[in-house]
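Notes to accompany the following structure.
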Amino acid sequence: MPPPLPLPPRLLHHLPLGRTTYHHASKIQDHLVSLHLQHKKLLSLAHHNSSTSSFPSPPPPPPPPPTIITSEFHPPVYTTGRRHLHALPPDINPTTLTTTPHPRTGELAEFITTLRGGQTTWHGPGQATVYVVGDLAGGQLAPPSPSPSHTSTTTTIGIKSWVALLEQTTINTIKTYLPPRTTSTSPPPLLEISTDPAYPGVWISRTRKIAALGVHARRHVVAHGVGLNVATDPWWWGRIVPCGIVGRGVTSLREEMERLQEGGVEGGQWEGEGEVPSVDEVGRRWVSEMAGALGREVKVVTEEEVMMMGMSMGGYGMGGGGDGGGGEI
């Protein structure tokens with residue numbers, strides 16, 4: 001008897017957009033959300049037909065694979081979440097935010113209301129924006145189960161578990177560029193990369209936010225994700241209270257690397273090389289960390305390939321259920 005054929009790899013698609021507009025990335029995200037929702041409709045229809053008809057119905061196409069979109073937004077954009085959907089806080093003035101140019105570059109920011117979770121934040125040059133679109137039901141975004149009696153293809157995870165996975169993936173990515181000191185004779189450096197149960201995201205030393213997080217879910221299909229500050233300009237953040245959190249600051253990989261090099265690890269030795277990574281590199285690293293957590297193999301795809309995915313589902317795609325036209329993290 002010939003040996004059984006190996007199972008095909010479980011894929012995680014990665015669409016690296018690079019520098020692009022908020023609207024363009026959101027349009028592609030909405031398309032992917034639509035594909036997942038349409039697949040659920042096809043599954044429901046197939047189940048109904050099989051229970052009411054004596055004739056076998058053709059099986060529905062396989063679900064779209066989970067996809068990560070990485071990008072760097074330009075022009076800059078301020079976005080609000082559901083908490084500010086109907087009433088903005090006093091410190092948020094869309095007119096001022098969109099008509100006051102950057103004092104050095106002259107850039108203007110856009111202002112967009114979204115359906116993601118969370119409050120008002122900023123995205124733009126120097127930040128790696130990561131959208132993850134997939135189905136929490138059926139195990140698409142579940143880590144491999146250590147139990148042989150359970151497989152991740154049948155495991156549904158909840159929003160809290162998904163948020164925790166997004167945060168841990170971000171922490172693992174940050175540690176690639178901000179490793180701990182190597183000596184054990186001196187106190188640990190004043191650098192703690194952690195989360196805060198009260199405020200989703202990732203923090204440095206519990207006082208400086210380095211990554212914002214927000215998720216939107218519909219019928220277990222999730223979208224949006226993480227904004228990780230690589231080399232952002234603090235001026236943009238100084239115009240708002242980021243995420244509505246008073247009394248805490250915002251930081252970036254560049255700022256923390258400079259802080260370590262300037263003496264934040266005195267008495268020990270920092271392992272870092274001192275080079276600030278590019279936004280694209282950080283995005284690729286984040287995808288690699290998530291793929292490892294999910295036990296999936298990364299496949300880099302083009303925008304054209306993503307948009308063609310709808311053809312295998314009867315042409316269903318743009319405008320078929322993106323739930324409000326693009327959210328933000």
Side-chain angles (χ1 to χ4, degrees), residues 12 14-20 25 68-76 102 104-105 107 121-132 166-195 201-213 225-238 242 249-293 298 300 329:
L12 175 64
H14 176 206
L15 174 59
L17 290 180
R19 182 165 282 204
T20 188
I68 300 178
I69 304 170
T70 56
S71 56
E72 179 182 12
F73 291 155
H74 189 273
H102 189 283
R104 180 172 50 85
T105 66
E107 289 179 296
T121 190
W122 172 89
H123 306 286
Q127 184 186 78
T129 305
V130 182
Y131 288 158
V132 189
L166 290 173
E167 291 176 328
Q168 188 58 53
T169 299
T170 305
I171 289 174
N172 293 343
T173 301
I174 294 170
K175 286 182 176 179
T176 302
Y177 309 103
L178 298 175
R181 67 168 67 189
T182 58
T183 59
S184 58
T185 57
S186 52
L190 298 176
L191 180 66
E192 178 190 7
I193 307 171
S194 62
T195 60
V202 177
W203 297 81
I204 301 294
S205 301
R206 300 184 182 274
T207 59
R208 305 185 295 276
K209 194 169 191 177
I210 193 170
L213 185 150
V226 173
L228 174 53
N229 300 331
V230 179
T232 49
D233 187 331
W235 184 83
W236 297 107
W237 297 108
V250 176
T251 188
S252 66
L253 285 175
R254 179 176 62 191
E255 289 183 53
E256 295 304 321
M257 292 171 78
E258 290 173 351
R259 182 177 282 108
L260 292 175
Q261 292 164 356
E262 292 170 358
V265 290
E266 57 190 27
Q269 181 166 3
W270 184 49
E271 293 179 346
E273 297 178 355
E275 264 188 53
V276 179
S278 68
V279 171
D280 288 344
E281 177 190 333
V282 172
R284 289 191 297 269
R285 184 66 195 185
W286 198 98
V287 173
S288 176
E289 293 288 346
M290 177 58 78
V298 176
V300 178
I329 59 178

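What you see is a predicted model, and the numbers here were worked out from it, not measured in a lab.
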What are the two closest non-hydrogen atoms of [X] and [Y], and how far apart are they?
X	Y	answer
Thr70	Pro16	OG1-CA, 3.5 Å
Pro125	Glu107	CG-OE2, 4.3 Å
Ser71	Phe73	OG-CE2, 3.3 Å
Ala128	Val282	CB-CG1, 4.3 Å
Ile69	Ala25	CD1-O, 4.3 Å
Pro234	Glu255	CG-OE2, 3.9 Å

Q: Can you spot which of Ile193, Val250, Ile171, Ile174 makes a side-chain contact (heavy atoms from CB on, under 4.5 Å) with Ile210?
A: Ile174
Q) Under 4.5 Å between any side-chain heavy atoms of Thr195 and Gln168, yes or no? A) no
Q. So, do Ser194 and Val202 sit near enough that their side-chain heavy atoms are less than 4.5 Å apart?
A. no
Q: I would like to know whether Leu178 and Leu260 meet side-chain contact (heavy atoms from CB on, under 4.5 Å); could you show each step before the answer?
A: CA-CA 9 Å; Leu178 298 175; Leu260 292 175; 3.9 Å; yes
Q: Walk me through it: do Val226 and Glu167 pass the test side-chain contact (heavy atoms from CB on, under 4.5 Å)?
A: CA-CA 8 Å; Val226 173; Glu167 291 176 328; over 6 Å; no
May I ask you to decide if [Y]'s main-chain N or O and [X]'s side chain share a donor-acceptor pair within less than 3.5 Å?
X	Y	answer
Ser288	Arg284	no
Asn229	Thr251	yes
Arg254	Thr232	yes
Gln127	Leu228	no
Thr176	Thr173	yes
Glu72	Thr20	no

Reported [atom1]-to-[atom2] distance for the pair [X] and [Y], which is rounded to 0.5 angstrom:
X	Y	atom1	atom2	answer
Glu192	Arg208	CD	CZ	10.5 Å
Tyr131	Leu15	OH	CG	12.5 Å
His14	Leu12	NE2	CG	9.0 Å

What I want to find out is whether [X] reaches [Y] closely enough, with some N-O distance under 4.0 Å, to be called a salt bridge.
X	Y	answer
Arg285	Glu289	yes
Glu256	Arg259	yes
Arg104	Asp233	yes

Q: Fit a plane to each ring of Trp236 and Trp122, take the angle between them on a 0 to 90° scale, and name the class: parallel (under 30°), tilted (30 to 60°) or perpendicular (over 60°).
A: parallel
**Q.** Residue pair Thr170, Trp286: steps toward the side-chain contact (heavy atoms from CB on, under 4.5 Å) verdict
**A.** CA-CA 7 Å; Thr170 305; Trp286 198 98; 3.0 Å; yes
Q. More than 12 heavy atoms of other residues, nucleotides or ligands under 6.0 Å from CZ of Arg206: is that the case?
A. no
